[in-house]
Protein chains: 2
Amino acid sequence: MDSNDSPPRRLTRAETKARTRTLLLDAAAQEFARKGFAGASVDDIAERAGFSVGALYSNFAKKEDLFLELLAGRSGHQLAEAAQIVADQDSSVQERRQALGRLLVAAADKDVDLAPLQAEFWLYAVRRPEIQEQLSSQFRTTRDTLAESLAAWARDRGRPGDLPLDALSTVVLALFQGLVQLRRTDPALVPESLYGTALGWLLTGITALTEESS
Amino acid sequence: MDSNDSPPRRLTRAETKARTRTLLLDAAAQEFARKGFAGASVDDIAERAGFSVGALYSNFAKKEDLFLELLAGRSGHQLAEAAQIVADQDSSVQERRQALGRLLVAAADKDVDLAPLQAEFWLYAVRRPEIQEQLSSQFRTTRDTLAESLAAWARDRGRPGDLPLDALSTVVLALFQGLVQLRRTDPALVPESLYGTALGWLLTGITALTEESS
DNA sequence: GTCTATAAGACGATAGAC
DNA sequence: GTCTATCGTCTTATAGAC
C-alpha cells in the first residue's frame, strides 16, 4: 500500500492527482464565472490551470462534470458565516449589523467571481429540472442554518416561540442575494449599511406584528 | 411618403420588416432565456422565428445586437406594475399584499423565460463594464418608481416626510428579485403570501424605527 | 428582404507518444 | 498521468440567387 509517511518525500501520486484536480476546478470556477458555462472553453480552463486539455480529460470525462462538481461543492459558505454572525451573542446588535454589512460587501466586491458563478449555477439548474433539487436542497440548508441563528436572536430578546422562522429566514436569504446582485451592478445603489438597516426593519416589524396578533 | 391609410391593404414593406424584427426578437428572447447568450445559436433563433439565418443577418448585424436590443427594451415592466399596486389607494392594505403576492408568483411561474433572461442580462452586464451603466440606470428607474409609490403609501398613513425612501425601495426591489429566484428554484420555499407578508414586516418596522428616532 | 449554400474558424472530445 | 496532434461537429457570419 506504499505506506510512506516520512516527511521529506515530495508528493504521493494520489496527492499530485488530487492537486491537479483542485487546480483544474479552481481554474474552471474562474472561467465559468467570467464567461459562463457555455462560453468557457476547456482549452482556456486547462491553460489557466497550467495543464493541457489531455490532462483535463484524464481527470474529468466531460466539461459538464467540472461544472457539476463545482455546483455540488462550493456553495453558500458565506451565508453560513452570516448566520454565525447573527447568532453571536457576545456582540451588540449594532456590531452584528455592521458585520453583516461588511459580509455583504465582501460577497459582492471582494470575491468577484462568486456571485456570477452562483448566477450561472442558478441558470443551469433552472434549465435542467434534474439538477433543480440539488440547488434547492442547498437553499433549504442555508435557510435552516439561518433559521437557527434567528431563533437564537429571538431567545436573546426574550421572545422565543412564536416567530415564523421559516418565512423570516427565507426573506433574509432572498434579501441578501438580491442586494448582492444590485450592489454588483451599481455599488452606489447599495451602501454597506443597507443590509443591516433592512434587517433591523424586518426584525422590528416582525416582532411588533407577532406580538400584536397574540 | 406612400400615404396609404385605406383599411384593406395587406402590409407596408416597412411594416413587414418591423414585424420580422419583432418576431426575431421574440424568438431570440426565448432562446437566450432557455440556453443563454453563448449557448443559443442564431440558427435556432431564426428557425424559431420562422425565418432563415440570412433573414436574421439582414435585420441584425451580429448575434450580440439581438441581445443588446432585448436588454435595452424589455426590462422591469413587471416591477413598474408592482409599484402601481402599492400606490393604488383604493385597495386595502390586505388587498395590496395579495396583489403583490400574485405578481411575484406570476413573475416567477407564468412567464417562465423572464427571470432567466434577466439573470442572463445581469451576467452579461457584470462581465462587460461598458454595459453595466445601462443596467444600473434601469435599476435606478425601477427603484425611483417604487420610491414614489412608497411615498404615496406613507402619505396615506399620514406620515409623509421622514422615510428613507431610497433605501426602502432598494430593499423592496432586492427582496422581490431574490424571492423570484428562490421561488423558481423551489416553489415550496416561497409561498404566494410571503412577499406581501415580508413587505408588511418591513413597513411596520421602518415606521416604528423612524418614529422612534425623531 | 429573404432565401440557400458555403466559407472560416472554434469547439468538445479522442488517440497515441512518452 | 500528462502531453501533442487531430478528428468531426457545430458555430457565426458572408455571398450570391431570386
Side-chain angles (χ1 to χ4, degrees), chain A residues 1-2 4 9-71 120 123-124 127-128, chain B residues 2 4 9-71 120 124 127-128:
Chain A
M1 280 300 178
D2 195 64
N4 194 323
R9 237 290 195 90
R10 296 289 196 91
L11 236 57
T12 314
R13 269 144 301 182
E15 282 172 339
T16 55
K17 171 149 193 191
R19 206 181 81 94
T20 301
R21 276 183 66 92
T22 305
L23 288 172
L24 283 167
L25 282 171
D26 288 345
Q30 286 187 44
E31 288 293 321
F32 288 145
R34 297 204 209 305
K35 303 176 190 168
F37 174 68
S41 75
V42 288
D43 227 328
D44 290 343
I45 294 173
E47 190 183 1
R48 180 182 289 274
F51 298 96
S52 63
V53 267
L56 188 152
Y57 276 101
S58 123
N59 284 277
F60 299 90
K62 301 178 316 220
K63 174 184 169 183
E64 195 182 22
D65 290 357
L66 275 162
F67 192 76
L68 290 176
E69 190 148 327
L70 288 171
L71 172 56
E120 206 65 44
L123 278 168
Y124 191 88
R127 286 164 185 161
R128 327 219 173 177
Chain B
D2 197 64
N4 193 324
R9 236 292 193 87
R10 296 288 196 91
L11 237 59
T12 315
R13 270 144 301 183
E15 283 172 338
T16 54
K17 171 149 194 189
R19 208 182 80 95
T20 301
R21 275 183 66 90
T22 306
L23 288 172
L24 284 167
L25 282 170
D26 287 346
Q30 286 187 43
E31 289 293 320
F32 288 146
R34 296 202 207 309
K35 302 175 190 168
F37 174 68
S41 76
V42 288
D43 226 328
D44 291 343
I45 293 173
E47 189 183 0
R48 180 181 288 276
F51 299 95
S52 65
V53 268
L56 188 153
Y57 276 101
S58 126
N59 284 276
F60 299 91
K62 304 181 313 233
K63 172 184 168 183
E64 194 182 22
D65 290 355
L66 275 162
F67 192 76
L68 290 176
E69 191 149 326
L70 288 171
L71 172 57
E120 207 65 43
Y124 192 89
R127 288 164 184 158
R128 330 223 172 174

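Chain letters run A, B, ... following the sequence lines, proteins first and then strands; every chain starts at 1.
Comparing A:V53 and B:A55 by the nucleotide of DNA chain C whose heavy atom lies nearest to each, the residue mapping closer to the 5' end is B:A55. If A:A61 and A:D44 are placed on DNA chain C by their nearest nucleotide, the residue sitting closer to the 5' end is A:D44.
Atom pair B:D43:CG and C:dT6:C1' shows a separation of 13 Å (rounding to whole Å applied). As rounded to whole Å, 13 Å separates atom P of C:dG12 from atom CD of A:E64. Between the CZ atom of B:F37 and the P atom of D:dT11 there is a distance of 14 Å, rounded to whole Å. Computed from coordinates, the A:F32 CZ to C:dG12 C1' distance equals 12 Å when rounded to whole Å. To the nearest angstrom, P of C:dT2 lies 17 Å from CD of B:E47. Straight-line distance from the CG atom of B:L56 to the C1' atom of C:dA5: 17 Å, rounded to whole Å. Look at CZ on B:F51: it is 7 Å from P on C:dC3, rounded to the nearest Å. The CG-C1' distance, from B:N59 to C:dC3, rounds to 13 Å in whole Å.
Backbone-only contact: A:A40 has heavy atoms under 4.0 Å from sugar-phosphate atoms and none from a base. A:S41 comes within 4.0 angstrom of sugar-phosphate atoms only, judged by non-hydrogen atoms across all strands, and of no base.
Contact annotation: the side chain of A:F32 approaches that of A:L66 to within less than 4.5 Å [non-hydrogen atoms, C-beta and beyond]. For the pair A:I45 and A:R48, the minimum side-chain heavy-atom distance is 4.5 Å or more. In this structure, the side chains of A:K62 and A:F67 stay at 4.5 Å or more apart for every pair of heavy atoms.
A sub-4.0 Å separation between OP1 or OP2 of D:dT14 and a side-chain N or O of B:Y57 is absent. Taking side-chain N and O atoms only, B:T20 has a distance below 4.0 Å to OP1 or OP2 of C:dT2. OP1 and OP2 of D:dG1 both lie 4.0 Å or more from every side-chain N or O belonging to A:S58.
B:R19 meets the side chain to side chain donor-acceptor pair (under 3.5 Å) test with no other residue; sequence neighbours excluded.
Residue A:K62 has its side chain nearest to C:dA13 when only C:dT2, C:dA13, D:dA13 are considered. With distances taken from any side-chain atom of B:V42 to the nucleotides D:dC3, D:dT12, C:dT2, the minimum falls on D:dT12. Ranking C:dT4, D:dC3, D:dT12 by closeness to the B:K63 side chain, first place goes to D:dT12.
A:T22 places a side-chain N or O within 3.5 Å of a backbone atom of A:A18 that can act as its donor or acceptor partner.
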